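For reference, the structure discussed in these notes is given below.
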Amino acid sequence: MRIIPIDTVDAPELADYTRLTDVALRRALEPAGGLYLAESTKVIRRALAAGHIPRSVLLHERWLPDLEPLLEGFPDVPVYVGSEESLEDLTGFHLHRGALAAMHRPELPALEDVLAGASRVVVLEDIVDHTNVGAAFRAVAGLGADAVLVSPRCADPLYRRSVRVSMGTVLQVPWTRIGDWADAAPRLHDAGFHLAALALSDDAVSLDEFAADPPQKIAIVMGAEGDGLSRRALSVADTVVTIPMAHGVDSLNVASAAAVALYALRVPPTAGEMQSFGADA
């Protein structure tokens with residue numbers, strides 16, 4: 001590996017890692033700068049397995065043995081090594097998950113390519129919390145759905161916190177951004193998808209009822225925290241679906257609701273498709 005000791009946290013080549021807790025600064029680099037941050041050796045491994053190319057790596061020396069096998073194919077990628085104190089000064093937080101890698105962003109695929117062969121997709125409309133986005137991706141991966149579609153104002157799935165919460169599954173689940181509903185709804189319908197909006201509504205059917213005889217292709221549409229789905233999303237939905245609740249609770253966290261709906265509407269996997277996801281690293 002091309003190992004470079006960190007002599008000063010002000011070096012311009014370390015700009016990708018500067019003040020990662022400063023959201024405004026990160027938005028200047030992610031995605032406008034064409035990068036995202038992969039945190040932990042597990043996430044970096046998944047990023048590389050997905051064919052993503054590292055720009056550089058940042059870590060404490062004790063994590064070098066874990067990263068060396070992963071970076072054998074990238075001998076020219078700089079690996080910046082520093083003390084725990086210098087890494088915390090640089091990033092703004094304690095780097096306890098092994099390593100960080102600045103990765104080049106892949107080009108987003110066309111909607112039709114993402115939908116090809118899919119039967120269960122999740123649409124995230126204007127979800128602004130990166131944790132919820134990452135958790136929704138993990139539910140999609142773990143419960144065997146095929147893809148995620150995100151609205152123009154939805155939080156970035158490749159933001160560092162989203163990637164970390166998803167345990168790197170945002171790097172293996174096909175996803176892309178869609179346009180507004182005037183464009184997206186006809187394209188989903190043309191691909192054969194039934195739009196099932198999860199929302200509270202007087203004309204909603206229960207998830208149990210909807211799952212008893214589900215359409216062959218379903219796009220499960222999830223709304224923003226607090227406000228729920230927009231009126232436009234509800235107007236283009238084929239069915240409004242509600243998860244039955246108890247004890248006076250009217251709804252679940254969006255990622256939890258996605259997991260419940262995906263489980264109820266799952267397509268039984270084949271033996272070869274079964275996967276097991278372990279505990280957080």
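Everything numeric here is computed off the predicted structure, so don't read it as measured data.
- Two residues are said to be in side-chain contact when any heavy atoms from C-beta on lie closer than 4.5 Å; Ser56 and Tyr80 meet this criterion.
- Clustering ILVMFWY residues whenever any of their side-chain heavy atoms sit less than 4.5 angstrom apart, transitively, puts Ile53 in the very cluster that holds Tyr36.
- Within the structure, side-chain hydrogen bond (donor to acceptor under 3.5 Å, both in side chains) pairs that include any residue of residues 186-199 comprise Glu112-Arg187, Asp183-Arg187, His189-Asp238, His194-Thr239 (at least two apart or interchain).
- Each of Leu195 and Val254 belongs to its own hydrophobic cluster when Ile, Leu, Val, Met, Phe, Trp and Tyr are linked at side-chain heavy-atom distances under 4.5 angstrom.
- Inter-residue side-chain proximity for Val140 and Thr169 is flagged as unmet; no heavy-atom pair is nearer than 4.5 Å.
- For Val57 against Ala99, the heavy-atom pair with the smallest separation is CG1-CB, 4.4 Å.
- One side chain, Thr131 or Arg161, offers a donor N or O that lies under 3.5 Å from an acceptor on the other.
- Under a hydrophobic clustering in which Ile, Leu, Val, Met, Phe, Trp and Tyr are joined whenever their side-chain heavy atoms come within less than 4.5 Å, directly or via other members, Val170 and Val114 fall into different clusters.
- Judged by distance alone, the side chain of Thr176 and the main-chain N or O of Pro109 form a donor-acceptor pair under 3.5 Å.
- The shortest heavy-atom contact between Ile3 and Pro5 is O-CD, 3.9 Å.
- Distance alone, capped at 3.5 Å, is enough to place a donor-acceptor pair between the Arg120 side chain and the Leu265 backbone.
- Partner of Glu125 under the side chain to side chain contact (heavy atoms under 4.5 Å, CB included) criterion, chosen from Ile178, Val150, Leu229, Leu149: Leu229.
- With a 4.5 Å cut-off on side-chain heavy atoms, Val79 and Trp63 do not count as touching.
- To the nearest 0.5 angstrom, Ile127 atom CD1 is 11.0 Å from Ser162 atom OG.
- In this structure, Val43 is a member of the same hydrophobic cluster as Met103, with clusters built from ILVMFWY side-chain heavy atoms closer than 4.5 Å.
- Note on residues 211-240: no pairs pass ring pair (Phe, Tyr, Trp, His ring centres under 6.0 Å), not counting sequence neighbours.
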Determine, stepwise, if the pair Arg105 / Asp156 fulfils side chain to side chain contact (heavy atoms under 4.5 Å, CB included).
-> CA-CA 12 Å; Arg105 281 177 175 260; Asp156 180 17; 2.3 Å; yes
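- Note: Leu87 CG to Ile6 CD1 = 5.0 Å, rounded to the nearest 0.5 Å.
- In this structure, the side chains of Ser151 and Val123 stay at 4.5 Å or more apart for every pair of heavy atoms.
- Looking at Arg2, its side chain does come within 3.5 Å of a backbone N or O of Asp76 through a donor-acceptor pair.
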List the steps, then state whether side chain to side chain contact (heavy atoms under 4.5 Å, CB included) holds for His130 with Arg164.
-> CA-CA 10 Å; His130 293 98; Arg164 186 183 70 196; over 6 Å; no
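- Evaluation of the ring pair (Phe, Tyr, Trp, His ring centres under 6.0 Å) test over residues 218-244, restricted to residues two or more places apart or in two chains, returns none.
- Across Ala261 and Leu198, no two heavy atoms sit closer than the pair CB-CD2, 3.8 Å.
- Summarising the geometry of Ala196 relative to Val241, their closest heavy-atom pair is CB-CG2, 4.1 Å, with the distance given to 0.1 Å.
- When all heavy atoms are compared, the tightest approach of Ala197 to Ala237 is CB-CB, 3.7 Å.
- Annotation: side chain of Trp175 is not in contact with side chain of Leu124 (no heavy-atom distance under 4.5 Å).
- Pairing each heavy atom of Pro106 with each of Leu158, the nearest pair is CD-CD1, 4.4 Å.
- Ser166 places no side-chain N or O within 3.5 Å of a backbone atom of Val133 that could act as its donor or acceptor partner.
- Contacts of Phe74 classified as ring pair (Phe, Tyr, Trp, His ring centres under 6.0 Å), with partners at least two apart in sequence or in another chain: none.
- Without hydrogens or angle criteria, Tyr17 side chain to Ala102 main chain gives a donor-acceptor distance under 3.5 Å.
- To the nearest 0.5 Å, the span separating CG on Leu37 from CD1 on Ile44 amounts to 9.5 Å.
- From Glu88, atom CD reaches atom NE2 of His60 across 12.0 Å, with rounding to the nearest 0.5 Å.
- Residue pairs meeting the ring pair (Phe, Tyr, Trp, His ring centres under 6.0 Å) criterion with at least one member in residues 216-249: none, sequence neighbours excluded.
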Could you please spell out the steps behind the side chain to side chain contact (heavy atoms under 4.5 Å, CB included) verdict for Asp16 and Leu58?
-> CA-CA 10 Å; Asp16 289 350; Leu58 176 73; over 6 Å; no
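- Inter-residue side-chain proximity for Leu188 and Trp181 is flagged as met; some heavy-atom pair is nearer than 4.5 Å.
- Note: the hydrophobic cluster containing Leu108 does not contain Val121 (ILVMFWY, side chain heavy atoms under 4.5 Å, direct or indirect links).
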Side chains of residues 203-224: which donor-acceptor pairs under 3.5 Å do they make with residues two or more places apart or in other chains?
residue: Asp203; atom: OD1; partner: Ser201; partner atom: OG; Å: 2.3
residue: Ser206; atom: OG; partner: Glu209; partner atom: N; Å: 3.1
residue: Lys217; atom: NZ; partner: Ala191; partner atom: O; Å: 3.1

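- In terms of modelled atom types and a separation under 3.5 Å, the side chain of Asp146 and the main chain of Ser119 share a donor-acceptor contact.
- Checking side-chain atoms of Arg138 against main-chain N and O of Ala135 turns up no donor-acceptor pair under 3.5 Å.
- No donor-acceptor pair closer than 3.5 Å links the side chain of Arg46 to the backbone N or O of Ala38.
- With hydrogens and angles ignored, the 3.5 Å screen pairs a side-chain donor or acceptor of Arg177 with a backbone N or O of Cys154.
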After noting the C-alpha distance and the side-chain angles of Leu64 and Glu68, does the key distance pass the side chain to side chain contact (heavy atoms under 4.5 Å, CB included) rule?
-> CA-CA 6 Å; Leu64 279 171; Glu68 189 170 9; over 6 Å; no
